[in-house]
Amino acid sequence: MYTAEISRGNPTCFLFLIDQSGSMEDPFGGDATGSKAVAVADAINNLLQNLVLRCAKAEGVRDYFHVGVIGYGLKVGPAFGGELRGMDFVPISTIGDLPLTVEERPHRVPDGFGGIIEQNVKFPIWFEPVAKGPTPMKQALKKGESIVAGWLDEHPDCFPPVVINISDGEPTDGDPLEVAESIMEMESNDGNVLLFNLHLSSSTAPRVEFPDTKKYLPDEFASLLYDMSSILPEKIREEAESEGFYLMPESRGFIFNSDMVKVIQFLDIGTRATTFR
Amino acid sequence: MTWLYMRLVSTTYTIPRRGGCPSENEDHYFPYEREIRRDHHSVAIADGASEGFLSRLWSKILTISYVNWDTTDVDMRLFIDFCIEMYEYQRSRQLERREEEGAPLKWFEENLMEKGSFSTLLGLSFKNSLPWGGCWTSYSVGDSCLFQLRQDIIDVFPEIDSNGFGNSPDLIASNPLYNKELLDKVKVKRGEFLYGDRFYLMTDAVANWFIAQLEEGKRPWRTIDEYLDYDREGLTMYLTSLRDEGRLKNDDVTIARVITLED
């Protein structure tokens, strides 16, 4: 299980469910310099960029991945902007071709002599920060379930889809556990769909990374997200361990009270599932 | 002093990974000719990194430059600087062509070109200094492997077992910023050869299978020789079946066999 090769003939998909509720306007972990919504938008744009770069060859971008971003706040639906507006899953080559805009941002690189220099690199933007309304997480999961089910009908042998839910608060539309379980029960011939959860920091409670027990989680909501998270397959566990995380065989794809560095690391680990061909 | 001359007879074979086409094969071997007659006799193989951008160009530059460098005593720093210069020239030509065609680089092409390309390199040079053979030198960065066969005894360079192949081999970068510790990663081995010795250069996937066979006490060179000499299509079918059985990683495969002969 979780060994299917990802190729143009057998692509896989990533689906991101992004909390766009009003509380995402709050600063990240007490840091007053930027809101959680801005930080998450940056992280998603950074991840999309990395996915495009991983698939880009001299002759063009190879469609190893299809990616969807669903926002939930005032409304629930596809969150891409510009020409991708309204699209559920988008081939990675189309994502590469159609950013909303391309900014220049400084990027720190080694100078070859042990130091670091700043270079300007292109930073494409597909997804803009939004923070308004309640937290209809259950509806977002239902939407995700239906999109992933459609994908699996068309790609029964794919590396199982990875769904990553990023939120800072409690659902306002009822208990989402049943829908989450239903997502985790869906499967391709290579294994069950993987659902990971990322809770964003807004309190002083200690961070919990890839737990294998609910014992150290501070509240009912954290326990709910734990229950909504898949046990990491061996390959992803190895990726997480190589990033310095300490994992157990039953560790789940869940980080509670995450900071921005962990958000980026988590997204990278969750989408680095296997080597593609 | 006729013994000062020798012939190298090379037989090469390469296929892309399953699902890829020949133009996407990022392995490269040089020289192309079957019989090599030069003052110095060098061959090289390189495996361009899958996640690089112009990996095919970079592996080609490394192998051709190694053979044309034409010595058993390579100053790796000078050699890499030369290759980077060649790469930069080729890259600027590509950029000019794109401008002429009215197709400017897309954002991801710019970012990837800035980062550069990556590849392994395995070079092998012979010097026939004795009536019955001579000495060889091999330089290696990464996990492409060299096997020297005399009768039924085989030596492997770099020393590696079948569990030692991973997804992050040492690589030579076309961007000097990523070559900071490169010289520490260069492995060098010198040895002797007798006329008739066979040398096999292999990129990682097939080298991994080959070493696993050796560990099981088998003689995989016999399989390779038979296919290379008599049935190249059969070799493709054989490798495909190994891939299907999960015994061969689905990666580009290149095998170069070099036989040293007295001229």
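Only heavy atoms go into these numbers, but all of them, side chains included; no hydrogens, no water, no symmetry mates. Keep in mind that what you see is a predicted model, and the values were worked out from it rather than measured.
- Around CD of B:Glu101, the count of heavy atoms belonging to other residues, nucleotides or ligands within 6.0 Å exceeds 12.
- To the nearest 0.5 Å, atom CG of residue B:Leu112 and atom NZ of residue A:Lys57 are 9.0 Å apart.
- Proximity to chain A is limited to the side chain of B:Glu26, based on heavy atoms less than 4.5 angstrom apart.
- With a 4.5 Å cut-off on non-hydrogen atoms, A:Val121 touches chain B through its backbone and its side chain both.
- Between A:Asp97 and B:Phe108, the closest side-chain pair of non-hydrogen atoms falls below 4.5 Å.
- Within 6.0 Å of the CZ atom in B:Arg77, the count of heavy atoms belonging to other residues, nucleotides or ligands does not exceed 12.
- Within the 4.5 Å cutoff, the side chain of B:Asn111 has no heavy atoms near those of the A:Phe123 side chain.
- When heavy atoms are compared at a cutoff of 4.5 Å, A:Glu59 approaches chain B solely by way of its side chain, counted from C-beta outward.
- Taking 4.0 Å as the cut-off between side-chain N and carboxylate O, B:Arg18 and A:Glu5 count as a salt-bridged pair.
- Without hydrogens or angle criteria, B:Trp107 side chain to A:Gly96 main chain gives a donor-acceptor distance under 3.5 Å.
- The number of heavy atoms from other shown groups lying within 6.0 Å of CD (A:Glu83) does not exceed 12.
- In the displayed structure, B:Glu159 atom CD is contacted under 6.0 Å by at most 12 heavy atoms of other residues, nucleotides or ligands.
- Shown here is B:Glu85, whose CD atom has no more than 12 heavy atoms of other residues, nucleotides or ligands within 6.0 Å.
- In this structure, no portion of B:Ala173 lies under 4.5 Å from any heavy atom of chain A.
- Residue B:Arg97 qualifies as enclosed at atom CZ: its count of foreign heavy atoms under 6.0 Å is above 12.
- Using a 4.5 Å heavy-atom threshold, the side chains of A:Lys122 and B:Glu109 count as separate.
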